[in-house]
There are 2 protein chains.
Amino acid sequence: MNIKELHYFQRLFQEISFTKTAKFFHVSQPTITAAVQRLEKELDTQLVIRDQSHKNLIFTDSGKQFEKHVEQILQEIETAKLEITAIKKEKVRLGLPPIIGSYYFPSLSSLLVKHDLLSRLETHEDGSKLLLNKLITGQLDLALLGSVQRIENEQLSGHMLSRKKFKIIVSRTHPLSQKRSVAFKDLLSEPFIQLNERFIHSIAFQQLSRQTHTKPAIIYRTNDLQIIKGMVANNVGISFLTEMAILPQDPVVALALSDDLQPEFLIQLVYRSNHLLTSVQQKIVDLMTTNDF
Amino acid sequence: MNIKELHYFQRLFQEISFTKTAKFFHVSQPTITAAVQRLEKELDTQLVIRDQSHKNLIFTDSGKQFEKHVEQILQEIETAKLEITAIKKEKVRLGLPPIIGSYYFPSLSSLLVKHDLLSRLETHEDGSKLLLNKLITGQLDLALLGSVQRIENEQLSGHMLSRKKFKIIVSRTHPLSQKRSVAFKDLLSEPFIQLNERFIHSIAFQQLSRQTHTKPAIIYRTNDLQIIKGMVANNVGISFLTEMAILPQDPVVALALSDDLQPEFLIQLVYRSNHLLTSVQQKIVDLMTTNDF
DNA sequence: CTGTAGTCATAAAATTTATTAATATGAGGC
DNA sequence: GCCTCATATTAATAAATTTTATGACTACAG
């Protein structure tokens, strides 16, 4: 069994045509026939039923099942190649969602500079979902992920780096701005300006809504924090953000939530469980997990 | 890249010797040298540092990382072969832990007989942990698993079939036998006879202990239900079992637990997510999930 | 009904790739 | 300096893959 045969087979599964598969790989048609026959011989089973009153190939149960595995195997090879390329370049590919990139990573980066590691880093900003996918497919070595729940995935290992609170943001002239804290259920009649669904803020918000049986109106959604802060400052509405994303110079007031069970913004350092950390990667992981910032 | 090379490489990683690896596969030593060189050329990286003041081979970071992937790939191929063998034999390999095999499966099997499916089944009795492992490595197609928590695993799909209660078992002459139900914390001074750690009963028991801050003494552990029932009948102690495992003819009395939050014995039908169900397997799954017994 | 185009299988030849036997290199031990 | 052990190199050979040429079968148009 060799990888080329697996590629042929996978393509055949998609094309349902020996001829087209052969054309795709710029080889002759009997090459595909022979390759599939070799696979069938090695696995001692029929994978494809040919001709059947002509016009359509049919894959047997074995063939369909085998294709699933082939996909997995080729994916694994792809992952291996990507990782090796990164090792050769001596670059560590770190994934970051935008908020962590803007508000958490900077303090971390000064630490990295001190240890001459920042130059080794290649940061990739993306949404959390995509980052997870890229980790699993070997497109990233490490990722800093924000989530409401601890990441539990057989394929991934994680370290908890930090837990941030969610806060309610109001303008300086808003009646609530005089208070220190507020209960979520008291915000029922407030119009909210929120980060959109791609941010875990919306999950945390939903969770609070459910818990407190309170569903405040969300009058506007955006993925731009500056817009949210601007709208809040102008009393268009109030918002719900991680404390991390609020800077002292922002023209808004942050109130703590007084609810008992409140969601937290968890920042975790994550990598594939069967990713072997190179010495540089290990240094970065150590630095992140042993320091507090 | 072909599979043989990957086998050679994996063995080299274990043996740390080209010569020994060659002997293992009954090939000449240059065969291994050449195979590794081909891999290095294809991946365009050095995998092994040879000779280094002689005596020891060293694998580079790329080499170590690659070996992890090779392991995964070869595992996947093994899984594929096992599954295809099972498909050819037209047998469905169903895993069962002992209690489910003895007390749940029989009622299911009469249903299977009715649809002429029992003959297609090949049951494998084993502990839950081993069953999970066998599912993932393709040694089983389906498994009925008992657990306290829903199975959450990226690689597995599951259907909840049944939820059974845990009960307290006492002899017919025991003072408690007059009661209908009992709170766990009132059992503090009772000596328990328990199934051993391989059964989820011990997890459920621990959970109840923790919840109620009550730690009754366990005076004997065994994996044999008959022994437990016998000892309970003779007033050696009381026990904690799923209702499922208690038959009307057993010389014991089963009491419900009156606690609010009590663990349940969940019976789930589980299979690998990327396992394609054959038509027979699909029939069995449908039968199990649409009937109640 | 016949001719044509399309699909896949087979066989033999051509080509590429993998393996071997023989030998070289290089280090450590004596 | 010589022997041993481990891996690399090389040329020859064996094995595998691919190609070319061809045949069988079917669908479809005329």
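Order of the sequence lines sets the chain letters (A, B, ...), proteins ahead of strands, with each chain counted from 1.
- Residues that satisfy the side-chain hydrogen bond (donor to acceptor under 3.5 Å, both in side chains) test with Lys134(A), not counting sequence neighbours, are Asp126(A).
- Note: CD (Glu40(B)) to P (dT7(D)) measures 13 Å, nearest angstrom.
- Within the structure, the salt bridge (Lys or Arg N to Asp or Glu O under 4.0 Å) test picks out the following pairs touching residues 136-148 of chain A (sequence neighbours left out): Arg93(A)-Asp141(A).
- In this structure, Glu15(A) places its CD atom 11 Å from P of dT7(C), rounding to the nearest Å.
- Atom CD1 in Ile3(B) sits about 12 Å away from atom P in dT17(D), given to the nearest Å.
- Using a 4.0 Å heavy-atom criterion, one finds that Ser28(B) contacts the bases of the nucleic acid, with or without backbone contacts as well.
- dC8(C) atom P lies 13 Å from atom CD1 of Ile58(A), rounded to whole Å.
- A close approach under 4.0 Å does not occur between any side-chain nitrogen or oxygen of Ser17(A) and OP1 or OP2 of dT7(C).
- Pairs of residues two or more places apart, or lying in two chains, that qualify as ring-ring contact (aromatic ring centres under 6.0 Å, His included) and include a residue from residues 58-88 of chain A are Phe9(A)-Phe59(A), Phe9(A)-Phe66(A), Phe13(A)-Phe59(A).
- Judged by distance alone, with hydrogens and angles left aside, the side-chain atoms of Gln281(A) form a donor-acceptor pair with the main-chain N or O of Thr278(A) at under 3.5 Å.
- When the P atom of dA16(D) is taken as reference, atom CG of Leu39(A) falls 15 Å away, rounded to whole Å.
- Note: NE2 (His26(B)) to P (dA21(C)) measures 14 Å, nearest angstrom.
- Glu40(A) is linked by a side-chain hydrogen bond (donor to acceptor under 3.5 Å, both in side chains) to Arg50(A), counting only residues two or more places apart in sequence or in another chain.
- Atom CE in Met1(B) sits about 18 Å away from atom C1' in dT17(D), given to the nearest Å.
- Ser62(B) pairs by the side-chain hydrogen bond (donor to acceptor under 3.5 Å, both in side chains) definition with Thr45(B), not counting sequence neighbours.
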Letter per nucleotide, 5' to 3', of nucleotides 9-18 of chain C [B base touched, S only sugar-phosphate touched, - untouched; heavy atoms, 4.0 Å]: BB-------S
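- Rounded to whole Å, the distance from CD1 on Ile49(B) to C1' on dT7(D) is 15 Å.
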